[in-house]
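The next block holds one structure in the form of structure tokens; read it before the comments.
These figures come from a predicted structure and were not determined experimentally. Excluded from the calculations below are hydrogen atoms, water molecules and symmetry mates; all remaining heavy atoms, backbone and side chain alike, are included. Note that ligands are numbered from 1 as they come in the structure, with each ligand's atoms numbered from 1 the same way.
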Amino acid sequence: MKVETLAVHAGRTIGPGDPVSNPIVLSTVFQKSADGSLPSGHLYTRLGNPNRESLEACLAELEGGAVAAAFASGSAASMAVFHGLSHGDHVIAPQDVYHGTRMLLDKLYTRWGLQISYVDLTDLTAVRSATMDNTRLVWIETPSNPLLTVTDIEAVTRVAHEAGALVAVDNTWPTPLVQRPLTLGADVSVHSTTKYLGGHSDLLGGCVVAKSPDGIFEHVREFQTKGGGVPSPFDCWLLRRSIATLPYRMRAHCDNARRIAQELSQHPKIETVHYPGLPQHPQHSIAKRQMADSGGMLSFEVRGGREAAFAVVSRVQLIAHATSLGGVESLIEHRASVEDPTTSTPENLLRLSVGIENVEDILADLIHALG
Ligand SMILES: *Cc1c(COP(=O)(O)O)cnc(C)c1O
């Protein structure tokens, strides 16, 4: 089946007499048979729940994986992967990795005994020379935040696998509609489903999808069911419901972002636009090869530095001045001021999560705000 059909039907089984919209199963416990067996396969909701299982089946199918584990946040999903490693293991992560992932690695996992190297993953020689005997994981995030650099997943995976390391890709920004890391060789794909998959800025969630239930995914499942960082049945239901429209939302996000990137790149008040769909993007050819479209995220640098950038966010009317991304509404944010003081994000950079409003309205708001 094609992706639009999977988005509606995957993980949903409806028998005669069943409600067409799956009910939300709030019960934490399930009655056993007289002999102690479990007729529905369910025992206790931390271990498994019908809404979570429906969501996981859908996520696995969308990513082209065999199994998925849903978590209460994207950060909890990332932790499940890091927890699959052992004390003394070495991890290679992108130098411009999502700020929250960097905080997890630096504040939690360094103390826990992981060794981390932050590397420019667009430089294969640098990746190769960063590998060590104890390198067990290469973490990829592409396009990156907030500069939209593109990492060649197939090429980095080859280097990682030669070194005996697994590859995890944070696929939150592109979504499975735009990029499918498992088909490019990666071992696991990780999402903050809070973003595009949820799509309405009203739920928190995450997931890990893998090609096989063995290997690192065994640890991920164990971390999920024994650690219990799971989403509630209502959040699973809400997310499963949102995914039904994901293919159509992503098409609108991508079309709007492409048009805005083109327009802004010709605007006299703008120095640079970072968007993988623009021919002048440094990794445009890699993006064309590994992405089905260019995504709904872009960033741009305003002439006049930090003050000029803040003047823009103070003048937008339709676009909300807020963090996060992937919702139906457009959001703009000055990233340098929310990141670590050591950040290399330019002070004149604004990040835009392009919503699914009419693109003319978004453009008019931006052009007015640019003065
Ligand atoms: C938001 C985000 C996360 C973290 O997800 P939460 O759901 O906020 O925990 C991880 N990676 C990327 C790329 C994100 O944008």
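W237 and F234 have parallel rings, their planes meeting at less than 30° on a 0 to 90° scale where 60° marks the start of perpendicular. Between H321 and F310, the ring planes are perpendicular. Angles over 60° get that label, and only those under 30° would be called parallel. Ring geometry for H83 versus Y109: interplanar angle over 60°, hence perpendicular rather than tilted (30 to 60°).
For ligand 1, the 4.0 Å heavy-atom shell takes in S73, G74, S75, Y98, E141, D170, T172, W173, S192, T194, K195, L204, G205, L325, ordered by chain and residue number.
Looking only at atom types and distance, the side chain of H200 has no donor-acceptor partner in the side chain of E329 under 3.5 Å away.
I116 and I92 fall into different hydrophobic clusters, defined by Ile, Leu, Val, Met, Phe, Trp and Tyr side-chain heavy atoms under 4.5 Å apart, directly or through other members.
Counting heavy atoms of neighbouring residues, nucleotides and ligands inside a 6.0 Å radius, atom CG of D214 exceeds 12 of them.
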